[in-house]
Structure formats: C-alpha cells, structure tokens
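Heads up: the structure comes next, in structure tokens.
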Amino acid sequence: MLVLVLIDNIKDFAPIIYTPTVGLVCQNYSGLFRRPRGMYFSAKDKGEMMSMIYNWPAQQVDMIVLTDGSRILGLGDLGVQGIGIPIGKLDMYVAAAGINPQRILPVMLDVGTNNEKLLEDRLYLGLRQPRLEGEEYLSIVDEFMEAVFTRWPKAIVQFEDFQMKWAFETLQRYRKRFCMFNDDVQGTAGVALAGLLGTVRAQGRPLSDFVNQKIVVVGAGSAGLGVLNMAIQAVSRMAGKNEAAVKNQFFLLDKDGLITKERTNIDPAAAPFAKDLKDVEGLREGASLIEVVKKLKPHVLLGLSGVGGIFNEEVLKAMRESESTKPAIFAMSNPTMNAECTAADAFKYAGENIVFASGSPFENVDLGNGKVGHVNQANNMYLFPGIGLGTLLSGARIITDEMLQAASECLASYMTDEEIQKGILYPSVNNIRHITAEVGAAVLRAAVAEGLAEGYGDVGPRELRHMSKEETVEYITRNMWFPVYSPLVHEK
Ligand SMILES: NC(=O)C1=CN([C@@H]2O[C@H](COP(=O)(O)OP(=O)(O)OC[C@H]3O[C@@H](n4cnc5c(N)ncnc54)[C@H](O)[C@@H]3O)[C@@H](O)[C@H]2O)C=CC1
Ligand SMILES: CC(=O)C(=O)O
Ligand SMILES: [Mg+2]
C-alpha cells in the first residue's frame, strides 16, 4: 500500500525519501538503524563478492544504485551511512520509473571512511579504517562489477555520490564494458543543460542563442565538470565548431576562485576549462565570485559547490547588472542547507525578473501584487529514472553520450513556451511518471539508432526498431510496474 501512497503523492513525499530529508537520515544513520536494507560489501569481503551476489534472494535484479559514501550530497564523507542515498534513489526508480521493487538493489561499498567523527562514534556501523586508495580501492569495485554482471548480465548500475576522483575514474573504466552511468556527472549534466536551454527560451531568444550566453559555474567537482562537458558538447553541435573553439562563454570557479591557466597544481579534470588570462581581461587567477560576477555580468550563475549561502546578498545584487533580460540563478547544491542561496533571497536581491532553480525544493516565492516567483527543482531526478528504464527496456549493454543527450533534449522540449515564459523550466514532480516515460522512450530510441538495442523479454530488436515515437512511449508505459493490491475486504 505504501508504494501506491508514494506514487499518488510524489510531490509531498519526494522531499522525505529524497533530498533534503534523506541527507539528515544519512547523517544520523547509525543511530537510527533498525534493519539492513540493500547489500553491504566491505573491503574485508574481497574474494567473496561473487558468492555474496549469488546469495541475494531475488532471481532478477534490474537496477542497482551503488555508492561508497565518499561524497553524500553536499555533506561530505559519510561512510557506510551513505546507504540512504541508494535507497532513496531506488525509491524514486519505483515511484517514477515503475521499476519492480523486488528487482532493485541498493549497494554500499564500505572501503572505510576518512570522517574522523564517524571513526570515533561508537555507534558507527561501518569499517573503522581510513578509505582504501589506488589499486586496492579499484580492485574492490572491479570485483563487485564482475560479480553483478556475471549473475545479472542485463542489470544497470548507477554510480552515485562518489568523490570526484573516483566518479571520473570509474566512469572511464567501466562505461564501455558494463551497463552503467554516473548520475552526478551525467544525470545532473542533462538536467542542467535542459534548464540552461530553457533560460534561453525564457529570454524570448531562439535556442541557437545558447552559444552567446555567458555562464559562470561555481564548483569544479564531479557535477560542475559534468555540466560543463555536456554544455560544451551542445554548443559545439549547435555552432558546428569543435569543442575547443566554443569554450569562451564558460567560466569555472572552485574553492580557490576563478580557474585560469596560471593555476598551479590544477586538477587535470578541470584543466580543459581553465581560462587564458587574456580572455578574462580585468580578472586574475583565483578571482573571487563577486569579482567575476561584477566583471562578466553573466547570463547564468550556476552553483554546484556544496557550499550553502555563497550566492550572498552582494553576489545576487551584482546579478542585477547581468547582460541577460532574464538572468538565471541555479543554486543546485543539496540538501537545502547547502544550496548556494534560498529562493526568497534570489528574488529579493537579484530581482523579480530572474529565472530560479535549486537542487532541493523551495516553495514558490510570493512577490506581492499577485505575482509569483517560480521555483524550479533542477535535480537529476528528472532524468535518472528515464535513463535507467529506457536503457533497461532497450536491452542496450552500455549507455552512450547519444542516449544521455537524447534524455536531456527530451526534458528540454517537454515544456511549452507559455510555461517557459513564466519561468517554469521543468515539469511538476507530480508528472514524474509521464516525464520518465518520455525520457525513457528518447533513450531507447537513441539506443536503437546506434544499433545497441538488443531487446527486452519477448520484444526483440526488430520490433523496437519498427516502433514509432508514440509506440515507444506506450511500450515504456506498459512496462512500468504498478502496485495492485488485493482488497482486504471483498465487496459482496
Ligand atoms: N541538483 C542536482 O541534481 C545535483 C546536485 N549536486 C550537488 O552538487 C554539490 C557538489 O557535488 P560534486 O560536484 O559531486 O562535489 P565535489 O566535492 O566533487 O565538488 C565540489 C566543488 O566545489 C568547489 N568549492 C568548494 N567550496 C567552494 C567555494 N567556496 N566557492 C567555489 N567553489 C567551491 C570545490 O573546490 C569543488 O570543485 C553537492 O552539494 C551535491 O549535492 C550534485 C549532483 C546533482
Ligand atoms: C541530487 C544528487 O544526486 C546529489 O545531490 O548528489
Ligand atoms: Mg548524487
């Protein structure tokens, strides 16, 4: 019965099973623990993972969400307590994508924690040792992946909330071998790109004007770099130029300020986005956020820093000078406390004319005179369920950039011009099953177009190839699991 309540009231329950409450649950998990949910593989289980996987009671597993707990939302290393995130994400898979709850599997890879407070907490449930590093770490993830795909060759593994170095390393290591994706890098990027394209439309400009938007990304981690990569790919396609030639409009900051080529010890993942000082006249290496905003007057300020409140009054007021007729503020960090600003502050200081989006939900803002400042939730929940479901029902063995791009484009085109004019960039969470069906169909059709769709169950690749767009959406919807409960009292 619970699942039906969840599906029917997803807008009310998403903030509980998902961000922000799931963050609080993870922070207090060891103290709240009653019973295990999902599977835990510890560094001590090395050599045993295959038999452990074969001992999981379900015959078939379709969707796995895997974490090592090293970067849980914006809350840092929560070790084994991060299991709340795979559980919450999979609850969303059941509610939004209709994945059968008996075929989901939340997984924690417990390779230790570097969180001193947890190591000293007598209730802490995980391994009391520093995190494994290097080859030792990778050998654990390798063993897990081999075991999963040996037993369930058609499963999909979503990597979630891994610290940046492992997010990128594992994505490169596995994406051509296994059916997997990294939600923070790839799911977030697709949702952000759809929102960025929406802000172009909100200014009453054609989509092709995306190539002229000045976009400042604050946070050079797995999510921020994922967004930049995908946005640059999109601009490169639109402008018909190579990626190196279209980076000028993007500016990247991390905890040490504006990233330029003058930076010493630059992270290799951020290096491709470092600015030449001659291209940012008047700015210096490490320029602060306020300096950057005042100088550049960007169209978009997008935060994926994990730092609550860094879009402060001064920064938001500086956005009033934006070159855009409708400046966009995306405070995408989670949970609510870690959002770069609140919705109320954004409308108060940056002006009523802005487009606003946040990673965790805020109420719409009453601007007086009957006017409403619309709050969008720019969260990867709009895409990951459809990416997982579309891939599953296509039978593809890998998840390609083209499939992810199709997901993002589908979300971007979901909204009408009328909605976009009102500053509404994403659909209501209440429509999440419908959105997921559309996104899933887009992903499936992209897999078909690439010749990767091997079919699912009785539906072979030929049938998938011959489905129209509408038939694909119908096929996806038909395959969504839905709870049907036997009545406890039979009517006479
Ligand atoms: N809305 C959504 O769908 C998603 C939101 N997120 C959120 O994004 C945040 C970051 O996630 P990751 O990129 O994976 O983390 P990360 O730890 O890989 O990266 C954080 C980045 O922020 C930078 N940073 C820290 N303090 C800063 C400051 N004061 N000014 C500017 N930059 C600063 C760091 O230098 C680093 O580059 C988290 O809060 C997470 O919850 C992540 C994925 C999806
Ligand atoms: C939404 C999400 O995946 C994150 O904040 O990490
Ligand atoms: Mg995440």
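Just so you know, ligand 1 is whichever comes first in the structure, and atom 1 is the first atom listed for that ligand.
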Report task. Show which atoms of ligand 2 fall inside a sub-4.0 Å distance from at least one heavy-atom site of Asp161. Result -> 6 (O)
Query raised in the report: With the Mg ion (ligand 3) as the point of reference, which N/O/S atom of Glu160 is the closest?
Result: OE2
**Report entry** Sub-4.0 Å atoms of ligand 1 with respect to non-hydrogen atoms of Val218
**Finding:** 31 (C)
Query raised in the report: Does a side-chain N-to-carboxylate-O contact under 4.0 Å join Glu323 and Lys297?
Result: no
Query raised in the report: Which of the listed options, Arg71, Gln377, Glu340, holds the heavy atom that is closest to atom 11 (O) of ligand 1?
Result: Arg71
Report task. With heavy atoms only and a cut-off of under 4.0 Å, state how Thr188 meets ligand 2: side chain, backbone, both or neither. Result -> neither
Query - Contact (N/O only, under 3.5 Å) between Tyr18 and ligand 2 - result: no
Requested in this report: Take the angle between the ring planes of Phe149 and Phe178 and call it parallel below 30°, perpendicular above 60°, tilted in between.
Outcome: parallel
Query raised in the report: Does the separation of the ring centres of Phe168 and Phe162 fall below 6.0 angstrom?
Result: no
**Report entry** Charged N-O contact under 4.0 Å between Glu285 and Lys275
**Finding:** no
Query raised in the report: Can a salt bridge be assigned to the pair Arg131 and Asp110 using a cut-off of 4.0 Å between side-chain N and carboxylate O?
Result: no
Query raised in the report: Which is the closest N/O/S atom of Asp184 when seen from the Mg ion (ligand 3)?
Result: OD1
Query raised in the report: Side chain or backbone of Asn380 under 4.0 Å from ligand 2, or both, or neither, by non-hydrogen atoms?
Result: side chain
Query - Residue portion contacting ligand 2 (non-hydrogen atoms closer than 4.0 Å) for Lys89 - result: side chain
Query raised in the report: Does any N/O atom on Val307 come nearer than 3.5 Å to any N/O atom on ligand 1?
Result: no
Requested in this report: Heavy-atom distances under 4.0 Å are what count here, so tell me which part of Met381 touches ligand 2: side chain, backbone, both or neither.
Outcome: neither
Report task. Indicate yes or no: does Glu243 engage Arg237 in a salt bridge with an N to O separation below 4.0 Å. Result -> no
Report task. Please work out whether the ring planes of Tyr137 and Trp166 are parallel, tilted or perpendicular, with thresholds of 30° and 60°. Result -> parallel
Report summary line: A student checking ligand 1 against Leu73 at a 4.0 Å heavy-atom cut-off should list atoms 38 (C), 39 (O), 40 (C), 41 (O)
Query raised in the report: What about Met164: any of its N or O atoms under 3.5 Å from an N or O on ligand 1?
Result: no
Query - Distance filter under 4.0 Å to Leu73 heavy atoms, resulting ligand 2 atoms - result: 4 (C), 5 (O), 6 (O)
Query - Note: Lys317-Glu313 ion pair, threshold 4.0 Å (strictly below) - result: yes
Report summary line: A student checking ligand 2 against Asp184 at a 4.0 Å heavy-atom cut-off should list atoms 2 (C), 3 (O), 4 (C), 6 (O)
Report task. Identify, by name, the N, O or S atom of Asp161 lying closest to the Mg ion (ligand 3). Result -> OD1
Query raised in the report: Can we say Asp267 and Lys165 salt-bridge, meaning some charged N sits less than 4.0 Å from an Asp/Glu carboxylate O?
Result: no
Query raised in the report: Quick one: does Asn379 get an N or O within less than 3.5 Å of an N or O on ligand 2?
Result: no
Query raised in the report: Would you call Arg175 and Asp401 a side-chain contact if the rule is heavy atoms closer than 4.5 Å?
Result: yes
Report task. Could you tell me whether Glu352 and Lys326 make a salt bridge, using a distance below 4.0 angstrom between a side-chain N and a carboxylate O? Result -> no
Requested in this report: For atom 28 (C) of ligand 1, find the nearest protein heavy atom and state the residue, atom name and distance (0.1 Å precision).
Outcome: Lys255 CA, 3.8 Å
Query raised in the report: Is there a donor in the side chain of Ser30 and an acceptor in the side chain of Gln81, or the other way round, less than 3.5 Å apart?
Result: yes
Query raised in the report: Does the gap between the ring centers of His374 and Tyr426 come in under 6.0 Å?
Result: no
**Report entry** Atom indices of ligand 1, in the order listed, that fall short of 4.0 Å to a heavy atom of Ala223
**Finding:** 12 (P), 13 (O), 14 (O), 42 (C), 43 (C)
Report task. Ignoring hydrogens, just give me the one of Asp254, Leu304, Thr188 whose non-hydrogen atom is nearest atom 31 (C) of ligand 1. Result -> Asp254
Report task. Using a strict cut-off of 4.0 Å, indicate which atoms of ligand 1 neighbour a heavy atom of Ala220. Result -> 21 (C), 36 (C), 37 (O)
Query raised in the report: Does an N or O anywhere in Ala378 fall below 3.5 Å from an N or O of ligand 1?
Result: yes
Query raised in the report: Just which atoms of ligand 1 are under 4.0 Å from any heavy atom in Gly74?
Result: 38 (C), 39 (O), 41 (O)
Query raised in the report: Which heavy atom of the protein is the closest neighbour of atom 5 (O) of ligand 2, given with residue, atom name and distance?
Result: Asn334 ND2, 2.8 Å
**Report entry** Any Asp184 heavy atom less than 4.0 Å from ligand 1
**Finding:** yes
Report summary line: So the atoms of ligand 2 within less than 4.0 Å of a heavy atom of Arg71 turn out to be 6 (O)
Query raised in the report: Hey, is Lys89 close enough to Asp183 for a salt bridge, meaning N to O under 4.0 Å?
Result: yes
Requested in this report: Using a strict 4.0 Å threshold on nitrogen-to-oxygen distance, state whether Lys247 and Asp276 make a salt bridge.
Outcome: no
**Report entry** 2.8 Å cut-off met by an N, O or S atom of Asp183 to the Mg ion (ligand 3)
**Finding:** no
Query raised in the report: Does Gly359 reach ligand 1 with a nitrogen or oxygen that is under 3.5 Å from one of the ligand's nitrogen or oxygen atoms?
Result: no
